[in-house]
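The next block holds one structure in the form of structure tokens; read it before the comments.
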Amino acid sequence: MNNPKRIYPAILVAVIVFTGLFTGFRTDIKNTFRADATVNSPMVFPALKDVKVNDNFWGPKLKLWNDVTVPDLFDKFEGKYEPESRPDLLREYKTLGRSRDAFRNFDLVAQGIRGSSQKLHDGPPWHDGLVYETIRGASDMLIQFPDKKTEERIDKYIDRIEAAQNSEGDGYINTYTMLVEPEHRWGLNGGFERYQHDVYNSGALMEAAVHYYIATGKTKLLNIAVKCANNICRVMGPAPKLNIIPGHALPEEAIMKLYRLFKDNPVLKNQIAEKVNEEDYYKMAEFWIESRGNNCGLPVWNVWSQKDCEKWIKDNTYSGPQYGDHSRPSWGLYNQDSVPFFQQITIEGHAVRATLFGACVATVALENEDPRYTEVASSLWDNMAGRRMHITGGCGSYRYEEMFGSDYVLPNDGYLETCAAVGSAFFSARMAELHGDGKYFDAFERSLYNNILSGISLSGDHYSYENPLTGEGVTRWSWHSCPCCPPMFLKIAGELPRYIYSEKNNSLYVNLFIGSEAKIKLNDGQNVMVRQTTKYPWEGNISINIEPETNLAFSVRIRIPGWAQSVENPYGLYSSEVKSKATVRVNGKKTALKISEGYADITRLWKKGDVIELKLPMEPRFVYANEKAANLTGMTVVASGPVVYGLEGLDNQNLNVCNIDIESPLIISFEKDMLNGVNIIKGKTVVRNGVKSDFIAVPFFAINNRMPGNAFKVWMPVLK
Ligand SMILES: [Zn+2]
């Protein structure tokens with residue numbers, strides 16, 4: 001999330017400044033990718049209710065996350081956790097004997113308490129947003145796993161949220177600001193929105209409301225969200241309204257969801273107490289995006305100290321007459337606010353904000369089809385995937401400001417927050433919607449099976465914030481003073497079934513290999529049932545049953561991952577080779593692969609009972625990095641399919657001195673009793689004096705489950 005008070009070694013800052021990271025977004029056009037500015041017909045994902053997952057790999061995980069993770073998050077937000085995991089509360093716990101409760105914030109606000117000492121508010125200012133995000137994730141889970149108990153629990157939370165909002169009357173709600181600094185709504189009058197998260201929390205509320213409505217048909221939370229959105233639309237916008245943008249991206253996409261919900265269901269407005277003018281929401285999303293970089297240019301975040309910048313903002317200096325009457329401070333590179341939106345080319349700043357901002361831009365581009373939006377979205381995505389994404393799909397190299405590094409800066413001890421990998425996957429999914437190219441789901445899958453899945457323990461109740469590629473003493477925690485990652489994890493877990501299939505130009509797309517059945521509506525109104533059976537990612541055989549209502553001619557387009565074509569990364573950031581090829585059979589008959597834009601196209605007259613059998617080359621492979629990633633020269637990673645592997649000290653006593661012998665074969669085997677059943681990869685290393693020994697590699701996502709904190713490495717030196 002963010003923590004402006006963190007202090008990091010000056011030397012790192014000096015190095016980063018020296019390397020020019022803070023010079024703003026590059027304008028070095030010739031050195032950037034050509035962005036695709038056109039949108040044809042977008043990809044359409046099915047509704048969650050139309051997809052059922054029954055997969056060997058994902059099925060038990062989704063059930064665990066529903067049964068264990070959802071109640072675990074709600075419990076912990078209620079304060080039921082070991083206070084040792086909240087150093088900020090430990091002293092209070094020791095004197096008062098209790099931990100704290102995020103929902104109590106709403107109750108205190110409802111009681112009319114304002115401007116109390118900060119101690120009354122539990123958690124960081126974005127705690128409301130995290131509660132809403134958990135409601136959103138839990139709502140999606142309710143669709144796969146209907147559960148009256150969870151629904152009742154959420155309904156009771158909603159009553160408390162409503163009471164808090166009603167205590168003010170105009171729709172505004174942010175418990176931190178109300179309890180601690182009520183005179184600073186939206187960060188005005190000496191406040192600091194980037195820290196207060198007023199707009200971010202409001203956005204998360206809108207998103208939760210839309211998802212909860214879709215899951216249950218209940219409108220109470222939607223009413224709360226509409227009041228909040230209407231208030232925002234009264235306050236913010238082009239002059240004479242206020243130039244306020246989210247200090248953390250997310251509300252731009254959230255308010256678009258609210259817009260789409262009412263646009264698609266106008267009668268729903270009859271169930272809303274306040275007047276809904278959804279066009280206002282759409283305009284607000286565009287305003288928030290296009291106002292990036294529209295600030296008074298100060299404070300200079302990369303030159304002044306954090307303290308000086310905050311003071312300058314809190315002194316309200318930006319409202320001075322020299323900045324005009326419609327100005328605001330700059331939220332800097334950190335919040336994608338240092339360069340005017342339409343000039344942004346590279347993905348910069350706080351990695352969670354940056355990836356979610358990309359998702360927001362793509363969301364609006366899907367609606368307005370403005371080529372300038374699609375061009376920016378494509379530039380940001382290409383830069384992320386082609387130069388700044390770690391092999392595990394992780395984003396955000398630096399602990400300092402939790403930010404993206406420069407091109408090809410991919411340190412093994414990178415920060416790689418779970419939230420940033422989730423943000424990048426949401427961004428990739430939106431780009432797939434825009435352009436329908438397989439490279440977007442290649443990146444989505446890389447994030448999903450590696451840096452996202454590593455964010456949760458196999459037990460479903462411990463979480464990671466950072467996901468570095470090497471370390472010792474790295475463990476997942478039960479709870480955290482900034483518990484942003486578990487709700488973000490739950491959001492993508494809940495939405496995952498939607499992404500398996502899609503429709504575009506009357507073709508049925510298979511994006512992910514997850515055992516499931518779904519009803520997909522083609523453009524011409526015909527429904528097609530699709531059933532997938534597979535043991536992916538442990539095996540490469542995928543059986544896809546196509547069942548139209550009547551015999552029907554259309555295309556089925558199946559993603560053939562880049563790695564299966566020896567294209568590890570579309571821009572050469574990573575390279576690898578598989579010896580065998582992907583093959584497809586239709587009703588038992590081998591069919592030539594016609595791949596375009598990352599998908600194999602099978603066009604024919606489909607009838608009930610038709611079966612496609614896809615075989616992907618899951619043979620283990622060595623992956624190498626582009627030579628421009630200097631720290632990865634002479635290193636390799638072991639992978640199979642979408643799963644990246646790492647070595648743990650537990651299995652490899654000579655971890656720190658072994659060099660991988662890439663001439664020796666890699667042997668893959670399924671170990672049913674290990675880590676809930678995983679493939680492991682064995683190979684040869686040379687320890688010293690030419691003495692060979694075996695190494696064992698396990699999936700990166702499962703590292704630190706058997707012996708939390710043991711040493712591990714993903715990139716290993718190659719024996720020369
Ligand atoms: Zn996080």
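Order of listing sets the numbers, starting from 1, for every ligand and every atom in it.
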Restricting E417 to its N/O/S atoms, the closest one to the Zn ion (ligand 1) is OE2
_2.8 Å cut-off met by an N, O or S atom of C482 to the Zn ion (ligand 1)_ = no
Here the vertex angle at the Zn ion (ligand 1) for SG of C484 and SG of C419, given to 10°, is 110°
Check your understanding: Which of parallel (below 30°), tilted (30 to 60°) and perpendicular (above 60°) describes F192 and W331?
Key -> tilted
Residue set satisfying side chain to side chain contact (heavy atoms under 4.5 Å, CB included) with N412, at least two apart, ordered chain then number -> L469, T470, N631, L632, M635, W715
The salt bridge (Lys or Arg N to Asp or Glu O under 4.0 Å) partners of E495 (sequence neighbours excluded) come to R136, R498
Review point. Using 4.0 Å as the upper bound for N to carboxylate O, is an ion pair formed by D107 and R160?
Key: yes
